[in-house]
Structure formats: C-alpha cells, structure tokens
Amino acid sequence: MSVAATVLEAHSSFEVEPGATPTHPWVKRIARLLAISTFPLIWLGGLVTTYDAGMAVPDWPGTYGYNLFVYPWQAWLYGPFDLFVEHGHRLLASFVGLVAIVFVISAYRLDTRPLIRRLAWLCLGTVIFQGILGGARVLMDARTVAMIHGCLGPAFFALCVVTVVHCSDIRRWSEVGVWSRWFVRFAVATTIVSYLQLTIGAQLRHILPGASPKFFMTMVHLHLTFAAMVLLSATILAAAGLREPNRYLRRPALMLVGLVIVQIVLGIGTWIVNYALPWADLAPDLSAYIVQAKGYWESLIITMHQATGSLIIAVAILTATRGWLLSTK
Amino acid sequence: MFGGIALLLSGCSQEPQFESNRVFRFRVEAETDQDQSKAAEAVDGLIADWFGTPDQPRWPQLSETSSATASVLQVERLVRSAGPQRSDREDMHYGLYRELCNHCHGLSGDGRGPVAMFLDPYPRDFRPGWFKYKSTKRGSRPTREDLYRVIKHGIPGTSMPSFAAIESHEQDEKRNDDLDAIVDYVIYLSIRGEVERLLLYEVAHDEGLLEGARARLSDKANRPPNTFSGEPTTERPASTANLKPQVAQELAIESTFEIKAKEIFIDVLAKWSSSDSQVVAPALPAWWGETAEHEAAVRSGKDIYLGATAACANCHGKSGGGNGLVRDYDDWAKDATVRAGLEPGDRAALKPYLAVGGLKPVPISPRDLRMGIYRGGDRPEDIYRRIVHGIEGTPMPAVALKPDNPQGLTEDEVWQLVAYVMNMKQQTQRMSASAIGFSLQKPNQESQP
C-alpha cells in the first residue's frame, strides 16, 4: 500500500511542463539497473524458500563468521546447494543495495527534482529494511518473518518499476495521452488485487508448522477467489487497453492478461507438483504420477509461480503509473 | 508501526508443541460416558516428560528396552528430523520432518498437517501404529525397510511424494542418511502416539490408574522437571554443530500409573522390534513368466477373482473397475466415529467429532485394478502380500488360505489370482486400442485372452 501512496504523492507533486528538465541519462540507467537486478533477486529468494535454504547460513550479516563479501568463493560455488542459494541471495541483495545507494547519489548529483530524490530515498530505505528483515528471519529462525520478507520483496520491485517510469519522462516524449480515465482505475485495481493475491499466496508458501487444516483450506479458497479476481480485473484492463491509442499503455495491458493466464497454469502446476492431481481418478493416464519432492522441474515450477506473481504486480503498476502520468497530458 | 512489527516478531519464535490426541479422547469419553480431561492432562504430562517436544525430542530410557530400542531406531539421530529446518556447511540437513513431512502428516504425526483436508486419501496418522503397505503380516508393524521404501519411492495415485531426490544428493562414499533419519522420526512419532493412546484408554477404564494419574499431576510441581541429564532449552542453537541429542538417564518409575505406562511402552516397542521376524517373503512360482503356463494361470485367476472364496468382485467389481457394491470406511475414519457410536456418513452427528479436530470421514474406494496403479508396490510379491494379508486399516481383507482354512485358496491359486490382477491393465489397454480401431500388438504377436 505504501507503493500506492507513493504513486499518489508522486502524481500530485509532479509539475507538468513540456519544457521541464529531462532526466539525466545516467539516472535513468541506474534506475533501470535497480529494477532489472531486483527481478533475479526475487527468483533467488524464491529458490531459497523452495529449497528451505533460509537457514543454510546461520549467522547474519556475515556468512559463517566471514564478512559477506570475503567468504571464500570456492566454498560458495562448490559447497552445498542450499549454501550456494542462500549466500548468492545475500550477495545479489547487497548488489541491489549498492545500486540503490548509487541511485540516491546520482539523484542528488545529476537531478534536481524532489520527486526523483524522494523515490531514490524510498528505494534505499525499503531495501535496507528488507535486508534487516532477511537478517531477522535468520537470527530469529522465524517463518513469519520470512513471509513478511517474501511479501516486501515484490513491493520493492514494484517501487523500482514506479521509479523507472517516472525517470522515463514519458510525458515528454509520448505523443498520445489516455483515452479513458477508467483505464487507469482498472490498472490501479489490478495492482491492488494482484498484491493482495501475492500476500495470500505467501501465507500458503510460508505456512507455520502448527497451522490448522482449516486455516490452510481457507487460504487456498481465498487464493482461488483472488486468482479469479485478478483474471477478471486483468481481462477488463486488457479490453480497455484495446481502445487506448497509446501503445505504451495498450501493450502492457495485453501482456498482463497473458501473464495472468500463464500464472494460473503455473498455479495448477504448483499444486500438482506439491500434492499430485486433486482428482486422480479423473485422469487415469496422469494418476500414476508420483510427486518428486525437491525435484528439479518441481522446484522450477514452484519458484516460477512465485516470480511470475511479482512480475504481474510489476507490469500492473507499470501500466497504472504510465496511465496516471499520461492522464494529465 | 515498529511497535506492531516488534509485537508480531516476538510471537514468531514460540516453540511448537505436540498436540494432545483430542480425537481419541473424544472416543474414550463416548465409550466411558465421562469427562476425561484430567486423565488426558496427566497422560499428556507423562508423554511430554518421556518423549519431549517437536524441537527437543526425548526417548524413555529403560535398561530392559535398550536392545529393542537399538534395533528399532537410532535415538541420537532423532535430532536430524526434529526442530526447524536448517543445514550446515557439510550439507547435513536438520529439521527434516518439518521440511518434508509436516505439511501433510502434522507435527505429532496425526495426519492433520495443514494440507490434510485437501488430500484423498488423508495423510497417514502414525499414532495408532497401523501401516498399510508393508512386507510384514497384518497386525505387525512394518520393517524399517518398508518405511524407507515408501518414503523413497512415494505412493502412486496419492499425494505421497518420492524423496529419491533427497537420497540421491549423497556425496562421496558417505551414505546420506536423511531418509533413515526420517524413518527414525516416523517410528518415534508412532510409538509416542500409540503409547499416548493406549495409556489414555487404560487410565480412562481403570479408577486406580486414574487416581495415580491425578496424583502424578498434582505432584508434578514437586518432581524434578525430567529424568534426563540434558535439560530442555528453548534457545535455538547458533550452529548445527552445537546440536546434541538429549542423553537419557534411566527413567524413575514410581507410581502404578508410571508402571502401566512403562508396560505399554515395552509392549509397543516390542511390536516394532519384532517386525523383521514377521516378514512374509513369497517365492514366485516356477511357471511365472512362462508364456503358456502363465496364460493358463491368468485364466484360472479370473475364476478365482469372480469366485466366492476370494470374493474380489464384491468390492473391485466384476471388471476390476473398483465399482463393487460394498461402501465402507477405513479404520482411521472409524476409530473415533463408529467406535464412538457415530455413523460416519451422518453429517449432523459428526459435529462434535469434527469440533475436536477429526477429519470428515471419506468412504474408501476399492482400487480400480484396470489402471495398473498399485499403491503398495507393483512387484508380484507386493500383490501377493496384499491378497494374503490384506491391507491393514482398510476393509481389504486377508484371503483364507489352506490348510488353515479348508475352504481357502492354495498358495498356487493365490499366485494365479496375482497373475490375473496384474494382467488386467494389459487387457484393458488392448480393449481400448481395439475400440478405437487399431491394435497396439506387434503383427506377429498372438492375441492373449
């Protein structure tokens, strides 16, 4: 929700002046690097959860007593897979943190607009808080913290995307505005519903060992309900997008509905590779399938489902932010 | 906001506890028509003292059970499966049960993990000590190898996964004992749960024991916290290298209640330690695989399948499609419903049972033999064992055998039945292929009956 608040604030404080100073190319590049490097970080975080590797390194911020950056690379690359994934997640997270610092510096050195500076600080603050949450998850060995950490990651990714859109100066070079304000409203609604769906999915993924079957069942039903809502919302957005003359709005809207369909297929796949076919007798040819716990394809599908969830939020918020900015053109 | 987060985080590191067997208590209360809360409280207290918690497991140490214990499980290895998930630089994994099994089987092995309500069949409840697929006789406990096999290969047609990927990540010549550690923990949970059940049953039906249980309960404040040299700790180890199993000292048995618990524990442990001697090792008949004789056996097997002695068609249907007329429930469903005087299909009557955590009883489906999916294993000897000993905890009975029962089947007739059952899938495939207008047979292959 903080992301939505930032977008609101950003919009209200933005000065619409065709002749306003364009964003410095390096600020743009760094903002893009920040967003691009966050997506693999989400993948890696997903792998950590899939392989239950969160506690493969019991200390933090160091790694087995070493400073994070001087941990012997041979021990990392040739060591156990869980250690490889967890230490790799930390290294990549540190890189993202460093890029966020560089982004703040560049925003102050190369850009004068308060909004870009605010966004840069927000990115840095969020990534630091996310890092502390990751550390708390390890030091407290708490799955609930892992769940919060897992929910904040996609929110940070969305924030990076918002920042990239703001740095893109879309209002300067885009020749066409928004045909209907409803398009923007649907995009915002899709973003909100997608994020809520992700938090429900996180409840299932980070379920506590003592959770009751009823709680899990409720969460599964909620997850299915929200999946339908995301599909509906994305379909309406795509339909509205077809009427939009601006291809920078139309394309992500159409891409979003495609992503949601892929995500639904991945969700069904995630259930099957975790718990087999729900109704084995209905599909005799598939009912002999035996779930391979921690298998390669199984882990890939599960992690892909999580990463695609983040991507949906990112594309939805990209569409919403572009629409928002162009709606005043 | 930070206060809220701190409050949230403070509740994150609470140590999970084994849940009391409320469903069995419900059954005992129905049988005795009395509130058994005090009995259950005393039993839970003793079980916690003897077996510890999910993070800190213990094992009751008695001089007369040391050799039996050694043949059943490695107490020192329980720490590998207990507690939260973690691993170390040597790729040694801990918290294996919580990582791999807890989602379905639940913390106490009660088959009520978070996912349980979605699965059909429900995950196994280890606590009664009933296991379906094993090489031992009905009524016996499975061998360690039986459990290992199920965990490694999974159960086709169910949600039980294969953990072969865990076994295959062994390095060098060192045996990866992750699966052995899980077998240890499953046996630990089963023994713990069965002792809990039987002790509660005894206490509920014996006034003297109930008095002893109450006395232990009130006396507990004055007793030493446990009989173990290693005190339980709620602190989580900073490194897995610091993990040590709790070394047990001889249990102090004082009251009649504790003596009864000890007797039950010894009996339950004896069932597990004697499982190797209960293995049924059938030998394939000489004609198995010999084309002409095997085909003749399949034809004979069909008559046995449809006959009154084996009566397979009653449940599995004449064509083997699992569509017979008998509708029944498994023993896990009946344990606290039928035995508590409830009809498993009566939704209104089941409300109090469901309120204590019982899973909604689901009628058991006889296997569709035409699919060729055998949950207990697809080797001929596996099918032989299912026929001769039935499937424990289910309505699948053991067939009557000669000479014990003059009306029963001979061993050769059982093998003929095995040959027929295993032929059903091929027969169905041939029929399906011919129904859509082509044959899967090679041109020179003769048609089989």
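In what follows, chains are A, B, ... by sequence order, proteins preceding strands, each numbered from 1.
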*When heavy-atom pairs shorter than 4.5 Å are enumerated against chain B, which of A:Val57, A:Ile207, A:Leu83, A:Val273 gives the highest number?*
A:Ile207

*Quick one: which of A:Ala276, A:Ala293, A:Gly295 has the most heavy-atom pairs under 4.5 Å with chain B, could you say?*
A:Ala293

*Between B:Arg375 and B:Tyr133, is NZ or CZ placed under 6.0 angstrom from the six-membered ring centre and within 45° of the ring axis?*
no

*Under 4.5 Å from any heavy atom of chain A - which part of B:His153*: backbone

*Considering only heavy atoms, which portion of B:Asp120 lies under 4.5 Å from any heavy atom of chain A: side chain, backbone, both, or neither?*
neither

At a 4.5 Å cut-off on heavy atoms, which part of [X] comes close to chain B: side chain, backbone, both, or neither?
{"X": "A:Phe215", "value": "neither"}
{"X": "A:Phe84", "value": "neither"}
{"X": "A:Trp271", "value": "side chain"}

I'd like to know if the side chain of [X] pairs up with that of [Y] as donor and acceptor (distance under 3.5 Å, no hydrogens or angles considered).
{"X": "A:Arg205", "Y": "A:Thr50", "answer": "yes"}
{"X": "B:Tyr94", "Y": "B:Ser87", "answer": "no"}
{"X": "B:Glu15", "Y": "B:Thr53", "answer": "yes"}

*Heavy-atom count around A:Tyr275 OH within 6.0 Å, excluding the residue itself: above 12?*
yes

*Under 4.5 Å, counting heavy-atom pairs only, tell me which of B:Gly106, B:Ser108, B:Gly113 racks up the most with chain A.*
B:Gly113

*Report the C-alpha distance between A:His87 and A:Thr63 in whole Å, list the side-chain angles of each, state the deciding distance to 0.1 Å, and finish with yes or no for side-chain hydrogen bond (donor to acceptor under 3.5 Å, both in side chains).*
CA-CA 7 Å; A:His87 185 63; A:Thr63 295; 3.0 Å; yes

